[in-house]
Structure formats: structure tokens, C-alpha cells
K.L.:
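This is the structure I have questions about; it appears just below.
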Amino acid sequence: MAVDDTDSSEGMCTTYLLTEIIRRTGLDVIGFPRLVRLNPNIRYKTRGNGALNVELGKGSGQPTSIGQIDGKDVFSYKEGVFDGDREDLMSVVKDIVDEFSVVSDSNTNPGIVVSEGRPDDGLYRKALNEELSLDSVEKHLMKHGILYSKLKKGRGIIGAAASLSWPEERVTYESISYAYPHPEEGSRIQKIRAAEFADSFADTFNNMDYANQYPAIFPKARTPVIYGIRGTDPVNLSHVGNELNRKFLIEPERQLIFRTNQGTDDHIISEPDNIADLGSYSLTGRVSLDPWSIEGGHYFSLMDYHGTPIKIAAFEPTKEFRRIFSKLRRGDLITVKGSYVNSAINTEKLELVRKARYFSRIPPACRQCGSRMKTKGVNDFRCEKCGNRQRLPEYYEEPRDLEEKQYEVPVIARRHLSMPLKLERHFASGAGISGIGAEVN
Ligand code: ATP
């Protein structure tokens, strides 16, 4: 069962709605509820373009608690079957969506999909890099006999269907706590302390931006979410959530761990033949123009990608990352990762693979007395002290204040899907891939 597009910038969060679906259906959760981020460049998105799905049924085997709803544990089962009626399930979910979604907002167009299996990953891949039409997704669902329901325009079926086809090649987790309809607003300093505390646990990521004093675990908008902590190990996350609640006297009404594609770089297509608007790519090439800036503090540069000039950008919200970006020089070999929007790659990560070397000609040191000579003409240098004459200049390598390594935008500007450098080793080691490693049940 999948659902999307129930919230607005004024309130609600589809992840909360999912907790309500679990509560009201009373069915067991098989595996984890899944929070799947899709194309970050979609104009319809409210915030982070996240869609939700969960496998519900009658679980078998040893259950594991993955959260609490109104003081009662939510159990996850490794296996299970759904022996109910799909139409009945759809009708319960429809009632909940009707009741909770912010349909008064013209940009809220809920969609629900009830499917027996998971479609192949084609839809997921497309939904990460393209803008899909409602019509094409509806046809896809009809063709495969998958039950769906639309409220208002029903655009949510796009995200809902795409989330079902997420193949979980790389996974992370998020523990989200709630107080409906809005939690009490804590003080800024308290939020910073809580985010720093969450950040002190290994295996968590994107909690806190120290340089910009931004506590990223708290939502920017008013929603039922108190905080969300991201990590690679669900058992550890559940521990971090409990500790945070205890230390900061937070009493969530609900708390649930979601399996997600956040921090996986799933949106990035490596070295593509073609670059299309709204797609996200990793491109390697040489910088062909030194960076320049425009009013508002936005920086741009040009790179050559297989003979095509591509504009790359570091916009104002990327804060201190712009200092790194501005130090690029023509000839640098770089790999840039980011989305292609408004004819520029919005840089998320930058690797300086090989830096260009720049040399300046200077008058040589005198071979006889060692003092610096004076230029008298082209390839004509004289020593004012001893009168010695030399023809060849010296070359001096200009220092470059940039290392050959990877750089990333700060947490405050980081996209949900972007893999933090901190996680690269985790995924490279094979952990978090196809659900290996960080399994709770
Ligand atoms: P939140 O993060 O608060 O849950 P959101 O940012 O996920 O909100 P939604 O309210 O869910 O935003 O709206 C996103 C809309 O865009 C949904 O209707 C979803 O179906 C649709 N959508 C998602 N991906 C695509 C895509 N690739 N092409 C076209 N539509 C898409």
C-alpha cells in the first residue's frame, strides 16, 4: 500500500498519515515502512518529494519493535501475508486520507495505490530523473491491474507507484517522532543541543550543521513531526531516539523507524550520454572557464563534458561551499554531482581529481652572486650587483589553495537523496546494500 501528496506547506506530513494507517488497520507491518524520495526537482513537491509505502498483513516469525503509536509498540515481521480484501484496505486508507490530508490546498492532490507485489524498478528510476505524466502512470497501473485511487487531481499516485518500485539497492533509516497536529516549538538553543546530541552517535548523519548553526533534525515547516534522525542502523537509531527523548524531555505521541533511500545518491546517473533538464548526474571533465559570481552571491563556472560546455553552479544557499567552488581554475579535472536545472548543474558534491598547475615567469637568480636579476628585454636579464647577464627566466608555480579530494555542500544545503561523504565508506564496504547488514528483523 502506498500513498503520496497529502500534505501542504501549512501542515500534515504523509509519514504521519502512514502511522495512522498502521494504527487504524491494526495490521502487522512486514519489513519496514518505506520513505522514498523522488526527483528533487519536481515543481509539484511541497518539501522534499517523499512518497510512502508499507507492506501490511499478518506477520510470521519473531517480531521486532520499530516504534510506538500512542504508547503501544509497532512490530515489524520479516515475513507475512495479506489475506484481506484489497478493496476494503483501499476504503480504510481513503477515509484516513480524506480526514487528514490538506485538500484545501490546491497543490495537494492525494493518490493511493494498493498493490500485491512490487513493480520492477523502472518507474522508480524514471521518477528520480524525469517528470512523469499522471496519464502515463495511470495507464501503467491499469495495465498491471493495480488498484489505485485519486483524490482531486490524484497526482499522488505518481509518487506512490514509484515508491513501490524502489528496489532497495542502498538503504538508510530514519526515526521520526510526532505530536499531532504540531509539537510545541522548542527554543533554538535547545534544538541545537538536541541535534548535537543526535550527532554524537555513530552511524547517524545530517543531524547538525555546525558552521551554520542549523539543527537539521527539526522540520522547517509546521508539521506533526518533532524530529527525524537519520542513520544506517535501525537498532542504533531506536536507541538514539530513546536517549534523545529522555535527555531533552520529549514525549512523542508516536515514533516510527522508516527504511529510506535518503543519503544513497540513487538520483545520480553517472557519465550519461545525454543531459536532460531535471535529471541528476555525475560528470567528469575539465574546467573551461574560471568561476565568476553574480549579485546574490551565486557562483558559476563552465566545464567541458565530452566536448560540450556545461555550466555548473554553487548557489547562495550552499554557503561556505562557494569558497571552495570559487577556487576552481581553468584546466582542473573535476567530477561534479548534482541536478541539471535551468541550464546549470546545481553542485551537490565536487571532486578535484587533478588540479591544473599554473606557472609565472620571473627573472632568474644571478648564478654568480645569487641576487634576483632585473628584466632588460625579452629573455634578457641583468644582475644589478655584479653585471652578470642571463637569457633564461625562472618559472614559479603559483600556489593553489585547494586539495585534490572530494568536497560537499554543508548539511543546511544538502538534498535528502545526496550521499554524505561520511556514508561513502559505509556503502563502499557493502553495508546498507540490498538490505544487507542493517537488518532489524
Ligand atoms: P513532503 O516531503 O512534505 O511529504 P513532498 O515534497 O513529498 O511533501 P508532495 O506533497 O508529496 O510533496 O507532492 C509531490 C508531488 O509530485 C506528488 O503528487 C507526487 O506524486 C509528484 N511526483 C513525484 N515525483 C514525480 C515525478 N518524477 N514526476 C511527476 N510527478 C512526481
Side-chain angles (χ1 to χ4, degrees), residues 2-21 33-54 97 100-113 119 121-141 146 148-166 174 176 178 180-182 206 216 218-228 230 256 258 260-262 266-269 276-280 339-341 414-417:
V3 59
D4 194 16
D5 208 343
T6 65
D7 48 14
S8 83
S9 46
E10 294 306 309
M12 258 312 283
C13 174
T14 309
T15 64
Y16 180 83
L17 201 131
L18 199 86
T19 66
E20 187 61 14
I21 293 171
R34 314 196 312 163
L35 163 57
V36 184
R37 301 287 178 177
L38 300 167
N39 194 333
N41 311 305
I42 287 299
R43 61 195 145 134
Y44 307 114
K45 70 174 184 174
T46 309
R47 288 179 287 267
N49 201 7
L52 273 300
N53 69 70
V54 62
V97 172
F100 283 88
S101 60
V102 192
V103 282
S104 54
D105 188 308
S106 62
N107 201 26
T108 299
N109 292 287
I112 309 163
V113 175
D121 66 352
L123 203 55
Y124 172 65
R125 304 272 171 222
K126 273 189 161 192
L128 280 174
N129 272 283
E130 296 170 27
E131 183 171 306
L132 300 175
S133 73
L134 184 52
D135 193 43
S136 70
V137 172
E138 217 168 335
K139 282 199 180 118
H140 177 91
L141 292 173
I146 297 173
Y148 66 92
S149 173
K150 304 193 298 176
L151 268 87
K152 292 169 63 192
K153 290 186 187 140
R155 195 178 294 120
I157 62 165
I158 301 175
S163 79
L164 280 170
S165 79
W166 172 39
E174 179 161 355
I176 308 183
Y178 304 91
Y180 184 81
H182 303 298
N206 289 359
F218 294 98
K220 284 193 205 116
R222 270 162 71 77
T223 81
V225 172
I226 307 175
Y227 63 75
R230 294 161 186 210
L256 195 61
F258 294 83
T260 101
N261 63 347
Q262 293 169 161
D266 264 12
H267 61 316
I268 300 287
I269 297 176
D277 212 25
L278 307 186
S280 302
S339 298
Y340 192 66
V341 180
R414 209 164 286 165
R415 294 198 129 153
H416 295 295
L417 277 161

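Just so it is clear, the structure is predicted and the values come from calculations on it, not from any experiment. Each ligand, and each atom within it, is numbered from 1 in the order the structure gives. In what follows, every heavy atom counts, from backbone to side chain, and hydrogens, waters and symmetry copies are set aside.
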K.L.:
Counting from 1, what ligand 1 atoms have a heavy atom of D4 closer than 4.0 Å?
P.N.:
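Ligand 1 atoms under the 4.0 Å threshold to D4: 11 (O), 17 (C), 19 (C), 20 (O).
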
K.L.:
OH of Y44 to CG of N39: how many Å apart, nearest 0.5 Å?
P.N.:
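It is 12.0 Å, given to the nearest 0.5 Å.
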
K.L.:
For ligand 1, which atoms have a heavy atom of K45 less than 4.0 angstrom away?
P.N.:
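Near K45, meaning under 4.0 Å from one of its heavy atoms, ligand 1 has 6 (O), 12 (O), 13 (O), 14 (C).
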
K.L.:
Is the closest heavy atom of N109 to ligand 1 under 4.0 Å?
P.N.:
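No heavy atom of N109 comes that close to ligand 1.
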
K.L.:
Contact between ligand 1 and G156 is defined here as a heavy atom of the residue under 4.0 Å from a ligand atom; is it met?
P.N.:
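It does; at least one heavy atom falls under 4.0 Å.
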
K.L.:
CZ of R125: more than 12 outside heavy atoms within 6.0 angstrom?
P.N.:
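It does: R125 CZ has more than 12 such atoms within range.
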
K.L.:
Test of understanding: given a 4.0 Å heavy-atom threshold, classify the contact between N49 and ligand 1 as side chain, backbone, both, or neither.
P.N.:
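For N49, backbone and side-chain atoms both sit under 4.0 Å from ligand 1.
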
K.L.:
Taking N53 as the fixed residue, which of P33, S165, S163 is the one that meets the side-chain contact (heavy atoms from CB on, under 4.5 Å) rule?
P.N.:
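In the set P33, S165, S163, the residue that makes a side-chain contact (heavy atoms from CB on, under 4.5 Å) with N53 is S163.
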
K.L.:
Provide the number and element of each atom of ligand 1 under 4.0 Å from a heavy atom of A127.
P.N.:
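Answer, ordered by atom number: 27 (N).
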
K.L.:
Which atoms of ligand 1 have any heavy atom of E130 under 4.0 Å away?
P.N.:
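Ligand 1 atoms under the 4.0 Å threshold to E130: 26 (C), 27 (N), 28 (N).
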
K.L.:
Tell me which protein heavy atom sits closest to atom 10 (O) of ligand 1, plus the residue, atom name and distance to 0.1 Å.
P.N.:
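Nearest neighbour among protein heavy atoms for atom 10 (O) of ligand 1, to 0.1 Å: T46 OG1, 2.6 Å.
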
K.L.:
Would you tell me which option among L128, N129, L134, I42 has the nearest heavy-atom contact to atom 25 (C) of ligand 1?
P.N.:
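It is I42 that holds the nearest heavy atom.
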
K.L.:
Could you list which atoms of ligand 1 come closer than 4.0 Å to a heavy atom of Y44?
P.N.:
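This gives 13 (O), 14 (C), 15 (C), 16 (O) as the contact atoms.
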
K.L.:
Please confirm whether G159 comes within less than 3.5 Å of ligand 1 when only nitrogen or oxygen atoms on both sides are compared.
P.N.:
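There is such a contact, yes.
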
K.L.:
Within the 4.0 Å heavy-atom shell around R47, which atoms of ligand 1 are there?
P.N.:
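That gives atoms 2 (O), 3 (O), 5 (P), 6 (O), 8 (O) of ligand 1.
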
K.L.:
Given D105, L132, D5, which has its nearest heavy atom closest to atom 18 (O) of ligand 1?
P.N.:
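Heavy atom nearest to atom 18 (O) of ligand 1 belongs to D5.
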
K.L.:
To the nearest 0.5 Å, how far apart are CZ in R37 and CG in D266?
P.N.:
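That separation rounds to 13.5 Å.
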
K.L.:
How about Y178 and T15: does a side-chain donor come under 3.5 Å of a side-chain acceptor?
P.N.:
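Distance-only check passes for Y178 and T15.
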
K.L.:
In the protein, which heavy atom is nearest to atom 3 (O) of ligand 1, and how far is it?
P.N.:
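Minimum-distance protein heavy atom for atom 3 (O) of ligand 1 reads D7 OD2, 2.7 Å.
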
K.L.:
Side chain, backbone, both or neither: which applies to R37 and ligand 1 if a contact is any heavy-atom pair less than 4.0 Å apart?
P.N.:
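The answer is the side chain of R37.
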
K.L.:
Under a 4.0 Å threshold between the charged nitrogen and the carboxylate oxygen, would D7 count as salt-bridged to R47?
P.N.:
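Yes, charged N to carboxylate O under 4.0 Å.
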
K.L.:
K45 side chain to L38 main-chain N or O, any donor-acceptor pair under 3.5 Å?
P.N.:
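Side chain of K45 to backbone of L38, a donor-acceptor pair under 3.5 Å: no, none is there.
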
K.L.:
About how many Å separate CG of N109 and CG of D4, when rounded to the nearest 0.5 Å?
P.N.:
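It is 10.5 Å, given to the nearest 0.5 Å.
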
K.L.:
Identify, for atom 31 (C) of ligand 1, the protein heavy atom at the shortest distance, and state residue, atom and that distance.
P.N.:
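Result: I158 CG2, 3.7 Å.
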
K.L.:
Consider side-chain hydrogen bond (donor to acceptor under 3.5 Å, both in side chains). Of E131, H267, R415, which one does N41 pass it with?
P.N.:
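Option passing the side-chain hydrogen bond (donor to acceptor under 3.5 Å, both in side chains) with N41: R415.
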
K.L.:
Taking the side chain from S339 and the backbone from V341, do they hold a donor-acceptor pair closer than 3.5 Å?
P.N.:
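Between the backbone of V341 and the side chain of S339 there is no qualifying donor-acceptor contact (under 3.5 Å).
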
